[in-house]
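Take a look at the structure below.
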2 protein chains.
Amino acid sequence: MDQSLFTGPPAVINGITPAPERARTSIEETYLSLRQEILNGALPQGSKLHLEGLRARHGISTTTVREALTRLIGDRLVVAEGQKGFRVAPMSLADLEDLTYARMQIECLALADSVRHGDDEWEVRVVAAYHRLGITEDRLRAAPALHFDTWERQNMEFHAALVSGARSQWLERMRMILFHNSERYRRLSATKGPPPLKVRDEHTAIFEAAIRRDAEAAVEAMRVHIERAFNVIKSAHLLPESGGGAALPTSRNA
Amino acid sequence: MDQSLFTGPPAVINGITPAPERARTSIEETYLSLRQEILNGALPQGSKLHLEGLRARHGISTTTVREALTRLIGDRLVVAEGQKGFRVAPMSLADLEDLTYARMQIECLALADSVRHGDDEWEVRVVAAYHRLGITEDRLRAAPALHFDTWERQNMEFHAALVSGARSQWLERMRMILFHNSERYRRLSATKGPPPLKVRDEHTAIFEAAIRRDAEAAVEAMRVHIERAFNVIKSAHLLPESGGGAALPTSRNA
DNA sequence: AATTTGGATAATATCGATTTTATTGCGGCG
DNA sequence: CGCCGCAATAAAATCGATATTATCCAAATT
C-alpha cells in the first residue's frame, strides 16, 4: 500500500506504525513537510502557496515544489486553479459537516467489516494500539505540550488498527483521505491541552465493543465519537459558514 | 465542482452545454490525454511510463509529463515507486473485486441520498440523461463503432445525474475515483459491440425506481447493475488473479 | 465617477540541461 | 556453473532559466 497519503515505505506488514517516515526523494520530503504544515495550520486554509517562497524556504527548485503540491491535490489538501497557482484547500463549516458525514459512512463500513473479519493479529494490533494510546493519554495530563504530537500519532494509529482488519484496500484509501482532512479540522480546535476525558471514554467504548466482536456496538460508538468531535469543532466557532454546500445530517443513514 | 477526475467538455449538468471547458494548460491537456489512454487500455496496466517517451510523443517537457502523471496518482490510475518512475496502476481480479465492493457501498449511499433529496431539477436531469442514453443505445445497435464513445460518455453522465441530488461533495469525489477505476475494468471486456440488452433493462430499473422516489428499490437495482458488470468482466478471464502486472516490455508506441 | 486601456510587475507554466540513481552486461572469481 | 563486483548505459530526479500569463495601477476616455 504505497499510497500517496500514507507516508513512508511499505508501512509495515501489520498495518500500523507508519513510523520512521524517511523520505528518500526530495519531492517526498517536501510533500511530507508541506502536508504537516497544512494539517497543523501553519499554512492556513485558503492561503496562497507561492512557488518562489516555498522554493526558497525549502532550498529546492520550483519544479520540485510543484510536484509536491500536485501530490497534495490528490489528498485534497491543496487546490490548483487555472493559471493562478496553488492554495491551501479552503475550510468551512459546511465542508466540515459534509466531510464528517462522508467519513462516518466510510469509517463505519470499514470498522464493521474489520470487527467481523479481523483475525488474531488484528486483535493484537488493536489491543496494543489502545494500550499505547492509554499510556500517552496519562502522560498527556501531566505534561500536555510534551506529548501532544505523540498522542496525535497514536490516536491515528489506534483508528488505523481498528479498521486494519477490513479487507477493502479501496475503502481504506478513501478513509485515509477523509481522516487526514478531518484531522485538519480537529487541530483547528485542539487546544494543545489534554484532550477531554470523553475522548478516552469513547475510545474505550469502541475498543471494548470491537474486541468482543460486537460490530453494531462498535459502529455506534464510532458514530458517537465522530459526531462529538464534529460538535466540538463546530462550537469553537472558528470556521466561516461559507462553502455553499447545503447542510447535511451527520447522523445515521436513514 | 472543479474536480480532478471530472473531465472537461460535457459536464452538462442542466442540459445545456455549459462551457467548452477546454484544457487551458498543457499539463491538463497531457493529463486528460494520458487518462484517456489509461482508461481505454492503450496504456496497459502495469506498463512503465517512460518520461522521455511521453515527452517526445506529446511534444512537451519531462517536467510537464511528471506533473500530469502526478495528478493521475491522485486518481489512482498511476503509481509511482521510489526512484523508479511511474507506471500504470496494476489491475487484478482481486482488485476488481475490492473496487466493486467499495464502489457499490459509496454509489449506493449517494444514490439513496439523491433519490430522497433530489429536487425538481434533479429529476429533470435524470430524465434527460436517461432518455439521451436511450437514444444512443438504439443507434448503437445499428452502428456500434460509430457511437461507442458517445455511449460511454452518456452512460457516465446518466450515473452522474442519478447521484447529482446527493448532497455530499466528499462522497461524490470518492465516487468519481471509484467510478473511473471501474470504467477501466469495464472497458477491458467491452467488445466495442452493442452493450447487452440487460444493461438497458438495469438502467431502466434504476431509473424508474429513482423517479418514483423509491430509494430502496433504486439502490437494489444499482447493486444488481454493479454486480452484473463485475461478473461479466470476471468471466471474461482477462485478469491475473492477484496484483502486479508482470513486467511488460516497455510499450513503445509511436 | 466609472470603465477601459496600456504597460510595468509579479507569478506561474514550461523548457532544456545537469545531477543523481537504477539497471544492464560483462569479466573475474569462488 | 553461478555469484559478485564494476563499468557503461539508461532513466529518473532535480535544477536554473525562459516563456506565458495574470495582476496592478495609472492615465485616458466617455
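Sequence lines set the chain letters: A, B, ... in the order given, protein chains first and strands last, and positions in each chain run from 1.
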Can you list the residues that meet the side chain to side chain contact (heavy atoms under 4.5 Å, CB included) rule with B:Gln36, with sequence neighbours excluded?
B:Asn40, B:Arg187

With 3.5 Å as the limit, what N/O pairs link the protein to nucleotides 17-20 of chain D?
none

Using a cut-off of less than 4.0 Å, is there contact between a side-chain N or O of B:Lys48 and OP1 or OP2 of D:dA12?
yes

Excluding sequence neighbours, so at least two apart, what forms side chain to side chain contact (heavy atoms under 4.5 Å, CB included) with B:Asp119?
B:Glu121, B:Trp122

Identify the 5'-most and 3'-most nucleotides of DNA chain C with at least one atom closer than 4.0 Å to a non-hydrogen atom of chain B.
C:dA13 to C:dT23

Please report the distance, rounded to the nearest Å, between CD in A:Glu81 and P in D:dA22.
12 Å

Return the angle between end axes of the helix from C:dA1-D:dT30 to C:dG30-D:dC1, with five pairs used per end and rounding to 10°.
30°

Could I get the full list of salt bridge (charged side-chain N to carboxylate O under 4.0 Å, His left out) partners for A:Arg87, not counting sequence neighbours?
none

Hits for side-chain hydrogen bond (donor to acceptor under 3.5 Å, both in side chains) against A:Gln154, two or more places apart or cross-chain, chain-then-number order -> A:Thr136

Is the shortest side-chain heavy-atom distance between B:Thr62 and B:Leu54 below 4.5 Å?
no

Counterpart residues, side chain to side chain contact (heavy atoms under 4.5 Å, CB included), relative to A:Pro90 (two or more places apart):
A:Gln45, A:Val79

Output all residues satisfying side-chain hydrogen bond (donor to acceptor under 3.5 Å, both in side chains) with A:His117, sequence neighbours left out; order by chain, then residue number.
A:Asp113, A:Arg167

Qualifying residues under side-chain hydrogen bond (donor to acceptor under 3.5 Å, both in side chains), relative to B:Arg184, sequence neighbours excluded
none

By side chain to side chain contact (heavy atoms under 4.5 Å, CB included), A:Thr70 pairs with (sequence neighbours left out) A:Phe86, B:Glu67, B:Thr70, B:Arg71

Please compare A:Arg55 and B:Arg66 by the position of their nearest nucleotide in DNA chain D and report the one closer to 5'.
B:Arg66

B:His159 meets the ring pair (Phe, Tyr, Trp, His ring centres under 6.0 Å) criterion, sequence neighbours left out, with B:Phe179, B:His203, B:His225

